[in-house]
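Here the structure comes first, spelled out in structure tokens, and everything after it is commentary.
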Amino acid sequence: METLPEEANGRAVTRRWVRHPRCVGLARAELRTLLTDWGLRSLEDSALLVLSELLTNAVRHAHVSPGREIETSFRREGNGVRIAVDDADSERWPELRDQHREGGRGLILVRGLADRCGVSHRRGVGKSVWAVLMVHGEGRKQCDWSHTWSSEGTCCSTTVQGK
């Protein structure tokens, strides 16, 4: 695990992890501590589940060069937290699967728990899959993992639809 510089106000923490299943538990422990420090313990169960789903997807499905790491970012946003998982795979984007199929329901859970969520290109190579959870869920929105493409082939927006 590599620690990257934190924002000066202590409201964001970014870490790099070796692409291994063990990183999921370590990242969960990090997020649990931050939620307690930020007074957001009421989000703990949902936030840890969202993180587990997003990070496990990156560990299992991102096709990247050996040695490439996964980056997590936890940022306080008002009365909530933004969880982002970045990987260097620009070709495979998350997609919702039929909820009646066995397996592949993680993003359905994320969509149900998050107030906002989506996927976007990140600086450099790859993508960032993210979710925002708020304490009171005001203005709660349903997430849609589809994205629109500009003529240059880059993701320019993520569609988020209201419930």
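Summarising the geometry, atom OG belonging to Ser46 is positioned 10.5 Å from atom CG belonging to Leu109; distances are rounded to the nearest 0.5 Å. In this structure, the separation between CG on Asp45 and CG on Leu35 is 10.5 Å, given to the nearest 0.5 Å. We find the CG-CG distance between Leu43 and Leu113 to be 10.5 Å, quoted to the nearest 0.5 Å. Rounded to the nearest 0.5 Å, atoms CZ (Phe74) and CD1 (Ile83) are 6.5 Å apart. Remark: Ser73 OG to Arg16 CZ distance equals 11.5 Å, nearest 0.5 Å.
When all heavy atoms of Leu133 and Ala47 are compared, the pair lying nearest together is CD2-N, 3.7 Å. Heavy atoms only, all atoms of each residue included: Val59 and Pro21 are closest at CG1-N, 3.8 Å. Closest non-hydrogen pair, Leu40 versus Gly80, comes out as CD1-O, 3.4 Å. Across all their heavy atoms, Leu55 and Cys23 have their closest contact at CD2-O, 3.9 Å. Taking both residues in full, the closest heavy atoms of Val110 and Ala131 are given as CG1-CB, 4.1 Å, listed atom of the first, atom of the second, then distance.
Within the 4.5 Å cutoff, the side chain of Arg76 has no heavy atoms near those of the Val81 side chain. In this structure, the side chains of Trp130 and Val85 stay at 4.5 Å or more apart for every pair of heavy atoms.
The side chain to side chain contact (heavy atoms under 4.5 Å, CB included) check on Thr56 picks up Val24, Arg60, with sequence neighbours excluded. Residues passing the side chain to side chain donor-acceptor pair (under 3.5 Å) test with Glu77 are Arg75, Arg116, sequence neighbours excluded. Remark: Arg41 pairs with no residue by the side chain to side chain donor-acceptor pair (under 3.5 Å) rule, at least two apart or across chains. Under the side chain to side chain donor-acceptor pair (under 3.5 Å) criterion, Ser52 pairs with Arg28, not counting sequence neighbours.
A salt bridge links Arg15 and Glu30; the closest N-O separation between the charged side-chain nitrogens and carboxylate oxygens is under 4.0 Å. Under the 4.0 Å criterion applied to side-chain N and carboxylate O atoms, Lys127 and Asp87 are assigned as salt-bridge partners.
In this structure, Asp115 contributes its side chain and Met134 its backbone to a donor-acceptor pair below 3.5 Å.
In this structure, Arg11 fails the cation-pi test against Trp38, since its NZ or CZ atom is not both closer than 6.0 Å to the six-membered ring centre and inside 45 degrees of the ring normal.
Screening Leu49, Leu51, Val50 for a side chain to side chain contact (heavy atoms under 4.5 Å, CB included) involving Glu53 leaves a single residue, Leu49.
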